[in-house]
Amino acid sequence: MSIALGLLIVRLVVGLTFAGHGAQKLFGWFGGYGPKGTGGWMESVGIKPGVLMAVLSGLMELIGGLLFAAGLFTEVGAALIVLTMLGAIVKVHGKNGYWATSNGYEYNLMLIAVAVGVALIGAGAYSLDALIR
């Protein structure tokens, strides 16, 4: 029971945080800037077309986060999280080195490790995957 509860806590915190970031990009919720504002920033760092990329990354974060949190098609949710974080490393954080204090990829890599780890272990007993399998 403690493993299942631990996985539930990890999935909920990581998944709902990702979903929140997606909602920031897509809808401007939670202090976000919506597609236009996020797209403008993306263009400023060389990610073009900015609005389209903001919508696509927002969808990946929202859908991936919700799937991960629910433990539904957990591997798909984890893959969306990993792809989003790899994009962030390649386009923004990688050039700054490892440490987050220098805007590096430390945090992105930690999230990748959590997503891959949960995908490999499985979502646990308290998940929709467990219910449908």
Side-chain angles (χ1 to χ4, degrees):
M1 179 163 110
S2 62
I3 292 173
L5 185 56
L7 284 167
L8 175 64
I9 292 167
V10 168
R11 285 192 353 261
L12 286 174
V13 170
V14 172
L16 293 177
T17 299
F18 260 89
H21 278 280
Q24 287 177 321
K25 288 176 179 68
L26 293 171
F27 314 118
W29 296 353
F30 312 119
Y33 300 104
K36 287 185 181 180
T38 304
W41 173 81
M42 287 184 158
E43 291 221 358
S44 78
V45 297
I47 302 170
K48 296 178 182 180
V51 172
L52 175 63
M53 297 309 290
V55 169
L56 291 176
S57 64
L59 285 170
M60 289 174 64
E61 289 177 346
L62 181 69
I63 293 167
L66 291 176
L67 289 174
F68 197 77
L72 177 64
F73 308 118
T74 305
E75 296 87 354
V76 174
L80 291 171
I81 288 169
V82 168
L83 288 171
T84 303
M85 290 298 93
L86 286 174
I89 290 169
V90 169
K91 288 300 209 172
V92 180
H93 300 284
K95 65 181 179 254
N96 299 319
Y98 181 72
W99 299 109
T101 52
S102 300
N103 200 28
Y105 62 91
E106 169 190 6
Y107 184 66
N108 308 103
L109 184 60
M110 296 270 289
L111 291 168
I112 289 170
V114 169
V116 170
V118 171
L120 291 172
I121 293 167
Y126 303 134
S127 69
L128 292 177
D129 283 344
L131 190 64
I132 62 175
R133 287 184 182 161

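Side chains are part of it too, since the values below use all heavy atoms of this structure and drop only hydrogens, waters and symmetry mates. In this text the structure is predicted, and so the values were computed from the model without any measurement.
Remark: Ser57 engages no residue in a side chain to side chain donor-acceptor pair (under 3.5 Å) (not counting sequence neighbours). Every residue two or more places apart in sequence or in another chain that forms a side chain to side chain donor-acceptor pair (under 3.5 Å) with Asn103 is listed here: His93. Residues that satisfy the ring pair (Phe, Tyr, Trp, His ring centres under 6.0 Å) test with Tyr98, not counting sequence neighbours, are Tyr105.
Under a hydrophobic-cluster definition in which Ile, Leu, Val, Met, Phe, Trp and Tyr are linked whenever side-chain heavy atoms come within less than 4.5 Å, directly or via other members, Val14 and Ile121 are assigned to the same cluster. Note on Val116: it clusters hydrophobically with Leu111, by side-chain heavy-atom contacts below 4.5 Å among ILVMFWY residues. A chain of hydrophobic side-chain contacts below 4.5 Å, direct or via other Ile, Leu, Val, Met, Phe, Trp or Tyr residues, connects Tyr107 to Trp99. Cluster annotation: Ile63 is connected to Leu128 through the hydrophobic network of ILVMFWY side chains, with a link wherever side-chain heavy atoms come within less than 4.5 Å. Linking Ile, Leu, Val, Met, Phe, Trp and Tyr whenever their side-chain heavy atoms come within less than 4.5 Å leaves Met53 and Ile89 in two separate clusters.
Atom CG in Leu56 sits 12.0 Å away from atom CG in Leu83 (nearest 0.5 Å). Rounded to the nearest 0.5 Å, atoms OG1 (Thr101) and CG (Asn96) are 10.5 Å apart. Expressed to the nearest 0.5 Å, how far OG1 of Thr84 lies from CE of Met60 amounts to 3.5 Å. Atoms CG and CD, from Leu80 and Glu61 in turn, are 10.5 Å apart once rounded to the nearest 0.5 Å. Note that CG of Leu52 is 10.0 Å distant from CD of Glu43, once rounded to the nearest 0.5 Å. Distance check, rounded to the nearest 0.5 Å: CD1 of Ile81 to CD1 of Ile112 gives 10.5 Å.
Smallest separation of non-hydrogen atoms from Ala115 and Val82: CB-CG2, 4.0 Å. In this structure, Gly39 and Ala54 approach most closely via the heavy-atom pair N-CB, 3.7 Å. For the residue pair Val13 and Thr17, the shortest heavy atom distance occurs at O-OG1, 2.6 Å. Between Gly71 and Ala123, the shortest heavy-atom distance links the atoms CA-CB, 3.9 Å. When all heavy atoms of Leu67 and Gly77 are compared, the closest pair comes out as CB-CA, 4.0 Å. Summarising the geometry of Leu12 relative to Ala69, their closest heavy-atom pair is CD2-O, 3.8 Å, with the distance given to 0.1 Å.
Put simply, the side chain of Arg11 gets close to the backbone of Tyr126: a donor and an acceptor are under 3.5 Å apart.
A side chain to side chain donor-acceptor pair (under 3.5 Å) check over residues 67-76, counting only residues at least two apart or in different chains, returns the pairs Thr74-Asp129. For residues 33-83, no pair satisfies ring-ring contact (aromatic ring centres under 6.0 Å, His included), with sequence neighbours left out. Pairs of residues two or more places apart, or lying in two chains, that qualify as ring-ring contact (aromatic ring centres under 6.0 Å, His included) and include a residue from residues 11-32 are Phe27-Trp29.
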Between Leu7 and Val10, is a side-chain contact (heavy atoms from CB on, under 4.5 Å) present by the stated rule, with each step listed?
CA-CA 5 Å; Leu7 284 167; Val10 168; 5.6 Å; no
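For Lys36, the NZ atom counts as loosely surrounded, since its 6.0 Å shell holds 12 or fewer non-hydrogen atoms of other residues, nucleotides or ligands.
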